[in-house]
Student: 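Starting off with a structure, shown below.
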Amino acid sequence: MKKVGVAILGLGVVGGGTYKILTEHREFYQKTQNVDITVEAVLELNRERALALGCPEEIIASNIYEVVSNPAVDIIVEVIGGVGVAREFVLDALNAGKSVVTSNKELFCKYSHELERAAKRNNAGIFFEASCVGGVPIIRTLLDGLQANHITSMMGIVNGTTNYILTKMTSEGTSYEEALKEAQRLGYAEANPAADVEGFDSTYKLSILSSLAFHTKVPYTKVYREGITKITAADIAAASELGYVIKLLAIGKQTAQGIEVRVHPAYVKKSHPLASVNDSFNAVYITGDAVDDVMLYGRGAGALPTGSAIVSDVIYAATHKEVKYSTFKNTAEAEKGVKFVSNFESAYYLRMSVIDKAGVLAKITSVFAKYNISIEEMIQKNADGDVTPLIFITHSTHELSIRKAIEKLKEYEEIANVDAVIRVVS
Ligand code: HSE
């Protein structure tokens with residue numbers, strides 16, 4: 001039976017889960033995959049952590065050179081995170097001719113061109129299933145399951161932490177801070193949770209996924225990004241009343257005008273399949289020209305779900321001789337001539353605080369009319385003193401029209417504030 005040695009760089013939440021799966025399932029893989037995979041080395045600054053996981057003393061390496069020069073190591077798993085030492089170590093591994101499996105979306109998103117170059121030079125593989133959507137096999141689905149299709153759109157909940165926070169705020173009225181703390185305790189959040197709640201993590205994932213789906217480089221800098229930090233209990237309550245839930249969505253579309261990529265909170269109709277994706281679960285809804293709609297659903301974060309994706313890559317690398325690289329020209333920037341759409345179409349939820357007096361509504365609707373914005377629904381809440389909250393759901397319009405309309409509305413002193421603007425998906 002073929003023997004394959006693995007090294008794990010970093011034994012945090014995901015590294016620990018990976019170690020556990022690989023060691024506990026060793027015999028299972030011998031039987032089902034006809035390969036004997038053993039963990040030959042781990043690199044972890046916190047020795048106690050490695051010992052507590054059950055790592056034998058002799059496999060705990062003291063530096064990366066010990067790992068990459070170890071002839072028993074064939075595949076190196078990087079679960080350190082970030083783009084500092086992780087980038088150096090992955091390059092060291094590839095330059096030593098070892099295949100790399102990484103869960104590091106920031107690294108892969110920002111440097112896949114560089115990593116792939118090193119991999120090709122050394123005839124090594126670079127695998128990144130765990131970088132996007134945790135345990136959900138989205139990368140392999142795009143590479144090996146849906147490659148018959150022109151993918152026209154992709155819409156997903158791709159961050160477990162923010163989905164967990166929004167779910168807790170919606171269903172239990174938990175405060176944002178409490179829900180975030182719990183997501184951190186459960187090991188879903190990034191080391192710096194701003195990466196999750198400000199939408200960076202989703203942006204990196206959308207850049208990776210849309211590059212694969214649309215067969216062209218979609219740099220993360222082209223992704224429009226908004227996080228969930230401005231979502232209030234008032235918006236969550238209004239969503240519920242109007243028949244929606246709020247989700248942080250990653251949307252990628254291939255249109256006649258160009259590629260549209262955006263990450264932002266959205267009002268999602270309760271009847272939409274993505275509305276019932278809760279807690280740390282993630283889902284991606286993909287449309288292809290041949291297959292029509294496909295939805296993948298599963299845990300987007302956590303030790304074992306992400307470990308599952310890593311180990312599936314390890315098994316793939318261990319059992320496939322041929323190495324596959326990008327289907328597109330993998331460069332740092334987008335290819336010349338590829339257009340990106342920023343004035344995208346959407347419906348909108350707007351919440352504003354206005355002075356409760358005659359003629360205010362007429363002013364608002366005249367601004368909407370000026371920018372060709374049509375109202376689908378409106379709610380006026382009880383006035384709090386002189387100020388009353390007004391809520392609008394618009395029909396589909398353009399991003400620029402809404403922005404211009406809001407600028408115009410802000411000029412009226414009767415409009416005390418435009419409190420919230422959230423895009424709507426029906
Ligand atoms: N922090 C990430 C999330 C981990 O919450 O989805 C998985 O990528």
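Atoms within each ligand, like the ligands themselves, are counted from 1 in listed order. Just the heavy atoms: all of them, side chains too, but no hydrogens, waters or symmetry mates, feed the values below.
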Student: Answer with yes or no after comparing the ring centroid distance for Tyr371 and His398 against a 6.0 Å cut-off, counting only values under it.
Tutor: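 So the answer is no for these two rings.
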Student: With nothing but distance in play, are any N or O atoms of Lys105 less than 3.5 Å from an N or O of ligand 1?
Tutor: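 Between Lys105 and ligand 1, an N or O pair is found under 3.5 Å apart.
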Student: Is there a side chain to side chain contact (heavy atoms under 4.5 Å, CB included) between Met155 and Lys253? Walk through the geometry before answering.
Tutor: CA-CA 8 Å; Met155 180 156 68; Lys253 290 184 186 171; over 6 Å; no
Student: Between the side chains of Lys381 and Glu241, is the shortest nitrogen-to-carboxylate-oxygen separation below 4.0 Å, so that they form an ion pair?
Tutor: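 Judged by the 4.0 Å cut-off on N to carboxylate O distance, Glu241 and Lys381 do form a salt bridge.
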Student: Could you pull out all residues at least two apart from Gln147 that satisfy side chain to side chain donor-acceptor pair (under 3.5 Å)?
Tutor: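 Applying side chain to side chain donor-acceptor pair (under 3.5 Å) to Gln147 gives none.
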Student: With atom 4 (C) of ligand 1 as the reference point, say which of Gln184, Arg299, Glu106, Glu190 has the nearest heavy atom.
Tutor: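 The residue whose heavy atom sits nearest atom 4 (C) of ligand 1 is Glu190.
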Student: So is Ser131 polar-close to ligand 1, meaning N/O to N/O under 3.5 Å?
Tutor: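 Ser131 vs ligand 1: no N/O contact under 3.5 Å.
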Student: Do any N/O atoms on Gly160 end up under 3.5 angstrom from N/O atoms on ligand 1?
Tutor: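 Yes; at least one N/O pair falls below 3.5 Å.
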Student: What pairs of residues pass the side chain to side chain donor-acceptor pair (under 3.5 Å) test when at least one of them lies in residues 126-137, not counting sequence neighbours?
Tutor: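 Residue pairs with at least one partner in residues 126-137: there are none.
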Student: Show which atoms of ligand 1 fall inside a sub-4.0 Å distance from at least one heavy-atom site of Thr161.
Tutor: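 Listed by number with element: 1 (N), 3 (C), 5 (O).
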Student: Judged by modelled atom types alone, do Tyr29 and Glu27 share a side-chain donor-acceptor pair under 3.5 Å?
Tutor: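 Side-chain D/A pair, Tyr29 to Glu27: absent.
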Student: Note the single closest protein heavy atom to atom 7 (C) of ligand 1, along with its residue, its atom name and the distance in Å.
Tutor: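 Sorting protein heavy atoms by distance from atom 7 (C) of ligand 1 puts Gly300 O, 3.3 Å first.
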Student: At a non-hydrogen distance cut-off of under 4.0 Å, which region of Asp196 contacts ligand 1 (side chain, backbone, both, or neither)?
Tutor: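 Side chain only.
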Student: Looking at Asn159, which atoms of ligand 1 are within less than 4.0 Å of one of its heavy atoms?
Tutor: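 Every atom of ligand 1 under 4.0 Å from some heavy atom of Asn159: 2 (C), 3 (C), 5 (O), 6 (O).
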